[in-house]
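Only one structure is covered here, and it is reproduced in the block below.
Worth knowing before you read on, the calculation uses all heavy atoms, side chains too, and leaves out hydrogens, waters and symmetry mates. Since we're looking at a predicted model, the values are computed, not measured.
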Amino acid sequence: MGLSPSSAPMASGRRQYPFHLIEPKWQRAWEEQQTFRAWNPGEKIPPNHPFARRHRLPEKPATAAELPRKFYLLDMFPYPSGAGLHVGHPEGYTATDILARYRRACGFNVLHPMGWDAFGLPAEQYAVKTGQHPRQATAANVANFKRQIKSLGFSYDWTREVNTTDPGYFRWTQWIFLQIYNAWFNPETKRAEPISTLKYPADCVSEEQKRAYRDSQRLAYVSEARVWWCEELGTVLANEEVIDGKSEVGGFPVVRKPMRQWMLRITAYAEKLLQDLNTIDWSDSLKEMQRNWIGRSEGAEVEFEVADFKSADGKPIRIPVFTTRPDTLFGATYLVLAPEHSLVSPRPLGIIPYVWPTTDMLPPENTGTYRGPVPADVVQLYRMAAASKSDLERTELAKEKTGVFTGAYAVNPVNKKEIPIWIADYVLASYGTGAIMAVPGHDTRDLEFAQKFHLPVIQVVAPPAGQDWHGFVGDGVAVNSESGDISLNGLPTPEAKQKITAWLESKGLGKKTINYKLRDWLFSRQRYWGEPFPIVWKRDTQGHLYHEALPESALPVLPPELTDYKPTATGEPPLARAQDWVNLPGGSQRETNTMPQWAGSCWYYLRYLDSQRSQSFCGPLVEHYWMGGPTEGLLLRPEQWANRVRELIAYARSQPASGKRFITFGTVGPAEAQRLREATGLEVEGFRRFLDDQAIRHILSGHGDARTETPRGSIAVTEADFLLIPEVISQPDHVAYGGRTSQGKDAILYEKQVDGFLYCVEEVRDSNRLLAVKTMYKRKTTGARALSGLDQTSETHRRSGANTPDSATAVKPTPGVDLYVGGTEHAVLHLLYARFWHKVLYDLGHVSTPEPFFKLVNQGLILGEDGQKMSKSRGNVINPDDILAEYGADAFRLYEMFMGPLEMVKPWSTKGVEGVYRFLGRVWRLFVDEPSETAFEQNCTAEPGRAGEFLEKVQLSGAIQEAEPTPAQLKTLHACIKKVTEDLDGLRFNTALSALMVFVNEAMTWPTKPAGVMRDFLILLQPFAPHLAEELWAKTEATLNTSRSALSYAPWPQFDPALLVEDTLEIPVQVNGKLRDVIRLPATATDDQIKTAALQSDKAQPFLAGKQIKKIVLVPKKLVNIVVGA
RNA sequence: GCCGGUGUGGCGAAAUGGCAGACGCACAGGACUUAAAAUCCUGGAACCCUAAAAAGUUGUGUCGGUUCGAGUCCGACCACCGGCACCA
């Protein structure tokens, strides 16, 4: 345990350096000085704090504009389990900590918080077993996690620590639930609105009717649906928590059970959750997982009439089906309903006839999986069988199709042919309409089914030549698709879809439809250890139960104290045991379900911003400072319609100049366009004329690819603005590196102030070649709204000197969390839920951005030394405490990063830890005086109790002097600065570290080590190995009597490219692409001189002799390739 | 089955289309030491020739292509890992 000086037995020999003294010493110092506090707007910063000194902040509460630019680094919210930290946890934490320290050095105001997602099942199960309150186990686990995390020396701002089980926290979780409860999704405006804006249908007259309607429209509603019940866990689970028919936690069996549950209407946001993925910088794989989970599919709903049967009022009965292939309608040879479909019951309520049909294409003896004298028997048999099957059986074992004929027929609307209606469990009740038209000719599942039950298969799509049409599911050309006034024959699939859909709509037989796989979020759990709902149940005059929200003043709703945490004997949740708590004066009763664990983690990143605030979940100015977007309007995405600057300018010039135009971006619908028009007073017509109609439709239909959506502040870009693009690019006030695009190209930002506006052009480059102008911003350079964003960026960077064309340290200001690092296990749960909550809060005006996490990186899994997943049963789990005791926190941090790229899966190797540990030892010996170090070790052996005191007496190496560095030394340093800086910007920690190693290997050979060079090196080392760097920094400062500034806020060094220029060129000489020689020339050599030298190269001669030289390829200062003939 | 990712020495890995294997581990040899540990220095892809070297040939999962030049770009395939999976 721990790092007390007396522990840490040395299994592998003597310590490389006294990390056991250094690390606790600096952790204590940081804590005492509150070194890593992140400061909010409005907070008074102590004038002696290194942050205030670095940024010369006045001694008064700082405004958002006075604070340097923000950088928000977030680690995924840990659940403090009893098992303690695992080496996988610190992988992400180390990466974010390195960046936090790096960004601080670059001059940012860095927010880097930590807290606890502490509600959860393990503590509750322990409570059920022992009768001890889950709070106790939770507190002990949190304390252990915190101790372990603190021992790694992360620069968290612990004053912002949050805990979801703290009433001061879950009060606001309950408050957000009330916001959701008291809102509905307005399909007109496409956003959540207060329930008070809801309009009631004409037939809602009485209070009861209105209430019922209101309750049916809320974003949080009660449903009696069949839900996943897990007997073992004693609770229901969300769809997402059930994997292969078992509970995700524990792998216990689950069954479907109808229960009254709270649901959140996440499906209303399906489209936004999907579209806005285009606005955030996440890995493709993660975005893809979310897209798949949302599962949007476009198609048509088609209505089939039931043949020879009408309902009681004499109207025909229509069965709507959903299909993505309306073009194959002529190939539909039967209909399939889910067994649970509401029409699957005997006539007259349903469609099942009393007797089997006699004259048809389907012999009555082929009724499918079951047989019986009348259809109702067979259907009943099948429905019972399907219901008793567990979902595991329905999915995994369902290789073999089952189903029964209902005895009824439907009429195909396109050709009036009668086709049989079946029921089968391969059709899901919960997707689409619960019914399909089966096209066995062009659908794999339908074909399997048709073959099993001898149903007709006909071709309606012709595949490309050489492919069999049976079961061909791709796009082709429609055939055999003609009847009456409609023919699809000869049309390619996409056109056939369009034509048939239009035809169906015109006849009132169907309509275009979009379906999502995403289901509403089951939000209640039958548990004790979770947030109670701020809801009570009452009875109306007729005795019907209804729910009502508690007022905000009743928050937080605390859970009652219990002695037994099990569900009641009647299966009610544990909260029902507390009758005094449940029953309120006046006869109402509290809701006894609790919220799922995801609730608290849906918004924790917002609580960090202002964790102590009691008036609201977060102060609005604080929220805007940390989460607000960079611009008032990001307006132009020219790649939508013109990909290159030249084309763009030519296009702009070809248009008649006609004043201001309104160009918008991204996901803007007609309603928002109207709002923008009102807000800006600009003509949308101008916009229409500027772009062609197709481009406008493209944008309005939501295909924009915007980074930011800020409806309240869009600004017009005029044609004149387009014409400024070349000027902004060629003569900018500032140039900044904008990071990598998803295609791996570099984005460069150019800023220039013209006539009171700040223009920013972002271009995308590949190998110094301009590919496209990506975006153009325009902002007013003055005004009250300059809270964050580009003006301030430039200001900050000018101050820190980081925003020069040669530097890669500048990053584009981003809305929301700047970087979120965590494992892939949250790809569709936490990350989808949190985005949903954030969007609701955004719509209701509580937060500034539509997306919470601008950039997200998944860390790769760390495997055991055997290359297998770490698990207790394999016995290959590495405990960080052991590694820390033996090698120290700095070595542990370094190794976590040195293993390989952050996102990759990689195996642990304790031997590898020794490598980076030795590196730290080399750094130590590079800086300290050897005799005094030897004396220190001897003294420590003699009197271990005074080790701390002896440490102070270790002298700085005499080789470190205030001296002018040689050009070679400067080159070594600046190469290191360049590499470390660029690699940190690109999250390439492993190669950044190797650059530090190269520097040390080099510096070890220097007889005199110039102090300036060595100090810069310590600043570079500091993010990676902060304890050792602080110790050596302190010794350097003390010995040389320099400024004694704080290392954590020392400005990040800038590299000078001029110093990296080689004076000798080493030019590889290739013949036909094969390396034959390397020649050395002075850097001043001209291209011709290089060519001549290459042709005269001795080693290349044999390959040139007697050959004809066809061509000489010369890459300036890099390489020569001589191409010769045969 | 569908989607995504990854394939480079004994191992972890590195390489804006331009000297493949930086950096580290492990290994071998040497220095220091009575000795060991630690430290410092040196070495190494394979093949083929050699006493030794030089030179040469082949090498980034497989097969093709583009290019003066491919680990890198394009096409087809194979293997492994992750996700989804009767979603019409």
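Partner assigned to B:rC84 is B:rG1, using Watson-Crick or G-U wobble distances below 3.5 angstrom. Base-pair partner of B:rU16: not found among the strands shown (Watson-Crick or G-U wobble, both distances under 3.5 Å). Across all strands shown, B:rC11 forms a Watson-Crick or G-U wobble pair with B:rG24, both key distances being under 3.5 Å. Base pairing of B:rC40 is made with B:rG30, judged by Watson-Crick or G-U wobble geometry with both donor-acceptor distances under 3.5 Å.
The nucleotide whose nearest atom lies closest to any side-chain atom of A:I436 is, among B:rA88, B:rA26, B:rC68, B:rA88. Considering only side-chain atoms of A:N1121, the nucleotide from B:rC40, B:rC86, B:rC68 that sits closest is B:rC68. Side-chain atoms of A:S994 lie closest to B:rA22 of the nucleotides B:rG18, B:rA88, B:rA22. Of the candidates B:rU39, B:rG12, B:rA22, the closest approach to any side-chain atom of A:F898 belongs to B:rG12. Residue A:M997 places its side chain closer to B:rC23 than to any other of B:rU16, B:rC23, B:rA88. Comparing B:rC19, B:rC84, B:rA88 against the side chain of A:P1068 picks out B:rC19 as the nearest. Comparing atom distances between the A:Q1070 side chain and each of B:rA88, B:rU39, B:rG18 picks out B:rG18 as nearest. With distances taken from any side-chain atom of A:M289 to the nucleotides B:rG69, B:rA88, B:rG83, the minimum falls on B:rG83. In this structure, of B:rC19, B:rG12, B:rC84, it is B:rC19 that holds the atom nearest to the side chain of A:E1066.
Annotation: B:rC47 and B:rG9 have their P atoms spaced 15 Å apart (nearest Å). Look at the C1' atom in both B:rA53 and B:rC48: the space between them is 14 Å, to the nearest Å. Rounded to whole Å, the separation between the C1' atoms of B:rG69 and B:rG18 comes to 7 Å. For B:rC25 and B:rG43, the P atoms lie 16 Å apart once the distance is rounded to whole Å. Separation of the C1' atoms belonging to B:rA88 and B:rU72 is 42 Å when rounded to the nearest angstrom. Using C1' as the reference atom, B:rA14 and B:rA45 are 15 Å apart when rounded to the nearest Å. With both ends at atom C1', the span from B:rA79 to B:rG61 equals 7 Å, rounded to whole Å. Here the separation of B:rA20 from B:rC32, taken at their P atoms, is 38 Å to the nearest Å.
When each of A:K1111 and A:G434 is assigned the nucleotide of RNA chain B with its nearest heavy atom, A:K1111 is the one assigned upstream, toward the 5' end.
Taking only side-chain nitrogens and oxygens, A:S297 comes nearer than 4.0 Å to OP1 or OP2 of B:rA88. For A:R925, a side-chain nitrogen or oxygen approaches OP1 or OP2 of B:rC40 to under 4.0 Å. Contact between the side-chain N/O atoms of A:R1076 and the OP1/OP2 oxygens of B:rG56 is found at a separation under 4.0 Å. The side chain of A:R291 contributes no N or O atom lying less than 4.0 Å from OP1 or OP2 of B:rG83. Distances shown here put a side-chain N or O of A:K911 below 4.0 Å from the OP1 or OP2 atom of B:rA26. Considering only side-chain N and O atoms, A:N990 lies under 4.0 angstrom from the phosphate OP1 or OP2 of B:rA14. An OP1 or OP2 oxygen of B:rC23 is reached within less than 4.0 angstrom by no side-chain nitrogen or oxygen of A:R922. Regarding contacts with the backbone of B:rU39, a side-chain N or O of A:Q16 is found under 4.0 angstrom from either OP1 or OP2.
Counting only N and O atoms by type, the side chains of A:R519 and A:S430 include a donor and acceptor under 3.5 Å apart.
Separation of the A:F449 and A:W422 ring centroids falls under the 6.0 Å cut-off. For A:F453 and A:Y334, the gap between ring centers reaches or exceeds 6.0 Å. Ring-centre distance between A:W908 and A:F898: not below the 6.0 Å cut-off.
Looking only at side-chain heavy atoms (C-beta outward), A:I319 and A:E303 stay at 4.5 Å or farther from each other.
Among the atoms of the strands shown, none is found under 4.0 Å from any heavy atom of A:T824. Backbone-only engagement by A:T324 is indicated by non-hydrogen atom pairs under 4.0 Å involving sugar-phosphate atoms exclusively. Within the nucleic acid shown, A:V998 comes within 4.0 Å of sugar-phosphate atoms alone, with no base atom in reach, counting heavy atoms only. Counting any heavy atom pair closer than 4.0 Å across all strands shown, A:D446 reaches no nucleic acid atom. Across all strands shown, A:K979 has no heavy atoms under 4.0 Å from either base or sugar-phosphate atoms. Residue A:N1001 is classed as a sugar-phosphate contact, given heavy-atom separations below 4.0 Å to backbone atoms only. Contact annotation for A:P1102: no contact, since no heavy-atom pair falls under 4.0 Å across all strands. As judged by a 4.0 angstrom heavy-atom cut-off over every strand, A:K906 is placed among residues touching the sugar-phosphate backbone only. Looking at heavy-atom distances under 4.0 Å, A:R296 makes no contact with the nucleic acid at all. Residue contacts for A:F1103: at a heavy-atom cut-off of 4.0 Å it reaches the sugar-phosphate backbone alone, with no base atom in range.
Annotation for A:K512: atom NZ does not count as buried by contact number, only 12 or fewer foreign heavy atoms lying within 6.0 Å. A 6.0 Å sphere centred on NZ of A:K1118 holds no more than 12 heavy atoms belonging to other residues, nucleotides or ligands. Sparse packing is recorded around NZ of A:K978, with 12 or fewer heavy atoms of other residues, nucleotides or ligands lying under 6.0 Å away. The environment of A:Q1101 atom CD is dense: over 12 non-hydrogen atoms of other residues, nucleotides or ligands sit within 6.0 angstrom.
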Could you list all N or O pairs between the protein and nucleotides 1-6 of chain B that sit under 3.5 Å apart?
none

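With a glycosidic angle more than 90° from 0, B:rG17 adopts the anti conformation.
In summary, A:R925 and A:E933 do not engage in a salt bridge, as defined by a charged side-chain N under 4.0 Å from a carboxylate O. Using a cut-off of 4.0 Å between Lys/Arg side-chain N and Asp/Glu carboxylate O, A:E400 and A:K452 are scored as salt-bridged.
Taking atom CD of residue A:E865 and atom P of nucleotide B:rG10, one finds them 21 Å apart after rounding to whole Å.
On a pure distance criterion of 3.5 Å, no polar donor-acceptor pair joins the side chain of A:K1110 and the base of B:rC68.
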